[in-house]
Number of protein chains: 2
Amino acid sequence: MNINEELKEFILHGYRQYIPHVSIDCAIFGYHDRQLKVLLIKHKFLNGWCLPGGYIKRTEKLVEAAGRNVKERTGIEGLFLQQFKTFGDPNRANTDKFDEEKWFALTGIRMTPDNWLVDQTISVGFYAITDFSLSVPQPGIMAEACTWFDIHAIPHLEFDHDEMVKEALHTMRVQLYHYPIGYNLLPEKFTLSDIHSLYETLLEKKLDISNFPKKLITLGLLKKTTEKRNIGAHRSPHLYRFDKARYDQALSEGLVLS
Amino acid sequence: MNINEELKEFILHGYRQYIPHVSIDCAIFGYHDRQLKVLLIKHKFLNGWCLPGGYIKRTEKLVEAAGRNVKERTGIEGLFLQQFKTFGDPNRANTDKFDEEKWFALTGIRMTPDNWLVDQTISVGFYAITDFSLSVPQPGIMAEACTWFDIHAIPHLEFDHDEMVKEALHTMRVQLYHYPIGYNLLPEKFTLSDIHSLYETLLEKKLDISNFPKKLITLGLLKKTTEKRNIGAHRSPHLYRFDKARYDQALSEGLVLS
DNA sequence: GCATTATTTAGTAAATTTTACAAAATGAAG
DNA sequence: CTTCATTTTGTAAAATTTACTAAATAATGC
């Protein structure tokens, strides 16, 4: 089956493999060099941007469907993925940007009202965080673009995806205070400055340069290694690593950062 | 259309009015007199207990579907309803308790594999809290029982509802620390003792009798009224009420109880 | 009336945590 | 071997939490 055949099969009979009426959407936040971005895609048949997402295979758990989507768009596997909210307002899919001609040009199929893709869909929102410099954004066959947007320069999004981004960002920031985040975002060994600027970037908030790392160390989350990093004409900072046992415990039990 | 006709219509053509493959389930917590309970139902055709739930009308928002279910089972409207998680594991609906003969006796319809009710379903979990003494549990036509169970004496539940209750309880307790709860659970005017024991019951945890109310007052959440309640041979406690503006602000912005 | 009593409130001191800031340590560069 | 930017430790003040004491109070029973 070539790609075109596969696409036709999906459009006409996708409901055999995927659950109709339910999708997942992913707000993938990208961090690098004190910048915070979000990954958006532009479908070939929709004249507007939206969050990457897709249907759920009948054999998949929700988070696995989200992980598959994240991997397809970024090439990255094993990210911290968190369900944040499910969206189901009756009018959430309203868009005037669907271009029937572009759809036909792409698929060779006229969309009919009885097609399984047309009906009302509830969507489960997940967010993820990654280092965007490690990603290789892939539009895939349905999209013409897949791009990182600065968090402050997000265009108006299709469907209810504006609200999704807002909710995802809110949940992510609340959870930053209650769960350790960084295991997938920082190299195995990193400096206190690295993790400090990671949190400052994600929260868009100043955190005391002296007290913040102290807190992490007091909580037992970080362990000092014997190595140092040479950063030029200054004092070389120690390298730290997460105490995995303590980190996982904090993930399941929660903690309180201030 | 009589009730039986309506039921048949639902089974055979419900997908016209309801969205297939998606449902909501409600963990309705009941509080009264320092007891914490949860409302369970026993379907006529399932030999086990489970959470009340149902399908979503095509015209409804998710929370409206949950509210409709809560009202149908308890008679109470306008409860604080909170989405806590969506469940979609492929094997979540596994049960050996479905009794085909009881189903046929109830509905007069043989369940066929192509029926819209049979296929895999994703369920959006909501929790609610109410004063169970104000409720009038209604089994409805599908269930033979609808009963409050003490939180420590919950039977094993069908499907993945054991996990749902656990998650709902966890979310409820986390949110108790971050949002004010009580507006729907206490009469308009109540004593500091009332709200103190409400929180102790929901959290199953001792809260200092002197410091806890002080915190609520300091946060501006409570306002003292001029009235007092006569409780017998003791000092009469003042009646308080929520400062609605401050309460709503705390609901949207969050707060921190310790 | 008036002492008794159980409970509600207010008060406060100690303990702890957070915050803000100062100063010392460090290591490369000139 | 001094300078410098940055990391790291130290610490004092401020704020909050916690634990406990004591005062206020209102009905009751004598």
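Residue numbers start from 1 in every chain, and the chains themselves are labelled A, B, ... in the order their sequence lines are given, proteins ahead of strands.
Contact annotation: A:Ser210 does not reach the phosphate of D:dT7 (side-chain N/O to OP1 or OP2, under 4.0 Å).
Regarding A:Leu255, its CG atom lies at a distance of 16 Å from the C1' atom of C:dT17, rounded to whole Å. Atom-to-atom, CG of A:Leu257 to P of C:dT19 comes out at 11 Å; the value is rounded to the nearest Å. Between the NZ atom of B:Lys206 and the P atom of D:dC20 there is a distance of 15 Å, given to the nearest Å. Between the P atom of C:dT9 and the CG atom of B:Asp194 lies a distance of 11 Å, rounded to the nearest Å. A:Leu239 has its CG atom 12 Å from the P atom of D:dT7, to the nearest Å.
Both A:Ile217 and B:Lys215 sit near DNA chain D, but only A:Ile217 has its closest nucleotide nearer the 5' end. With the nearest nucleotide of DNA chain C identified for both B:Lys224 and A:Asn211, B:Lys224 has the one nearer the 5' end. Residues A:His234 and B:Ser236 both approach DNA chain C. Their nearest nucleotides, taken by heavy-atom distance, put B:Ser236 toward the 5′ side.
Taking 3.5 Å as the limit, the base of C:dA25 and the side chain of A:Arg235 contain a donor-acceptor pair of atoms between them.
Looking only at atom types and distance, the side chain of B:Asp25 has a donor-acceptor partner in the side chain of B:Ser123 under 3.5 Å away.
Using a 4.0 Å heavy-atom criterion, one finds that B:Thr191 contacts no nucleic acid atom at all. Contact annotation for B:Lys214: base contact, defined as any heavy-atom pair under 4.0 Å involving a base atom.
In this pair, B:Trp49 and B:Phe149 present their aromatic rings perpendicular. The plane angle is above 60°, beyond the 30 to 60° band.
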key: Stepwise side-chain hydrogen bond (donor to acceptor under 3.5 Å, both in side chains) test for A:Thr74 and A:Ser135   = CA-CA 5 Å; A:Thr74 66; A:Ser135 72; over 6 Å; no
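Here NE2 of B:His238 is found 13.0 Å from CZ of B:Arg229. Values are rounded to the nearest 0.5 Å.
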